[in-house]
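Protein chains get the first letters and strands the later ones, always in sequence-line order, with residue 1 at the start of each.
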Amino acid sequence: MVVREIPYGRVLAYGQVAARAGLPGRARLVARVLATTTDPDLPWHRVVGSGGRLALSADAPAGALQRRRLAAEGLEIRGRRVVQMVTDDGRGLDAALWGPGAGAPRTR
DNA sequence: CTCCTGACTGCGG
DNA sequence: CCCGCAGCCAGGA
């Protein structure tokens, strides 16, 4: 459910998903779930490693797919990581919930 | 039961 | 940025 709640164009780290699910420290469990799920509606591509690092290699089919999807959602990908382009224009509320700290890989 | 392997992490060096 | 290391833990062999 936590994964399903990740907004379009936003990403969350495995550990954060686990934490939000009430299972702090269980990042690996989240990874395992995503790796084995068959649910076609689960936005698994919005889950990345800490710091915005992409866990899947670009060569792997899933890795390529994830990059394409994230790019399609307007996220910039540099090297092995996702660059959160938040450009807040005075929307502090959204930021409060899924804001800057929410996993958003430092940007710049 | 033990051993090995991850779509993980934070902390060094 | 890369590397290793120690925790972590569900599954499979």
Side-chain angles (χ1 to χ4, degrees):
Chain A
M1 300 219 242
V2 174
V3 174
R4 258 187 288 267
E5 288 170 20
I6 303 175
Y8 178 98
R10 266 311 202 15
V11 295
L12 234 45
Y14 297 92
Q16 297 181 327
V17 172
R20 281 186 73 88
L23 299 170
R26 310 291 297 286
R28 287 193 106 129
L29 177 58
V30 174
R32 206 176 144 331
V33 171
L34 297 188
T36 60
T37 185
T38 55
D39 186 342
D41 297 311
L42 192 70
W44 57 271
H45 61 282
R46 307 214 253 251
V47 183
V48 302
S50 74
R53 287 184 15 287
L54 292 168
L56 293 63
S57 63
D59 333 302
L65 177 60
Q66 179 176 40
R67 289 160 202 262
R68 282 189 290 108
R69 287 186 177 174
L70 291 179
E73 295 189 9
L75 289 169
E76 181 188 343
I77 297 173
R78 267 193 316 221
R80 302 186 166 190
R81 71 171 129 171
V82 184
V83 178
Q84 179 82 60
M85 25 208 288
V86 182
T87 59
D88 60 32
D89 301 0
R91 71 178 65 301
L93 202 166
D94 192 12
L97 291 179
W98 303 87
R106 353 247 125 276
T107 307
R108 229 200 16 26

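The side chain of Leu56(A) lies closest to dA7(B) when the candidates are dC9(C), dA7(B), dG11(C). When the nucleotides dG11(C), dC1(C), dT9(B) are ranked by their closest atom to the side chain of Arg81(A), dC1(C) comes out on top. Nearest nucleotide to the Ala27(A) side chain, out of dA10(C), dA7(B), dC8(B): dC8(B). Set against dG7(C), dA10(C), dT9(B), the side chain of Ser50(A) has dT9(B) as its closest nucleotide. In this structure, the nucleotide among dA7(B), dG7(C), dT9(B) sitting nearest to the side chain of Ala13(A) is dT9(B).
Between Arg80(A) and Arg28(A), the residue anchored nearer the 5' end of DNA chain C, judged by the nucleotide with its closest heavy atom, is Arg80(A).
Between the OH atom of Tyr14(A) and the P atom of dG10(B) there is a distance of 14 Å, given to the nearest Å. Taking atom CZ of Arg53(A) as the reference point, atom P of dC3(C) lies 12 Å away to the nearest angstrom. Note: CZ (Arg26(A)) to C1' (dG6(B)) measures 15 Å, nearest angstrom. Distance CG (Leu70(A)) to P (dA7(B)): 18 Å, rounded to an integer number of Å.
Considering only heavy atoms from C-beta on, Arg26(A) stays 4.5 Å or farther from Pro24(A) through its side chain.
Applying the 6.0 Å contact sphere to CZ of Arg80(A) captures no more than 12 heavy atoms from other residues, nucleotides or ligands.
Summarising the geometry of Asp39(A) relative to Thr37(A), their closest heavy-atom pair is N-OG1, 3.1 Å, with the distance given to 0.1 Å.
Residue Arg32(A) places no side-chain N or O under 4.0 Å from the OP1 or OP2 atom of dT5(B).
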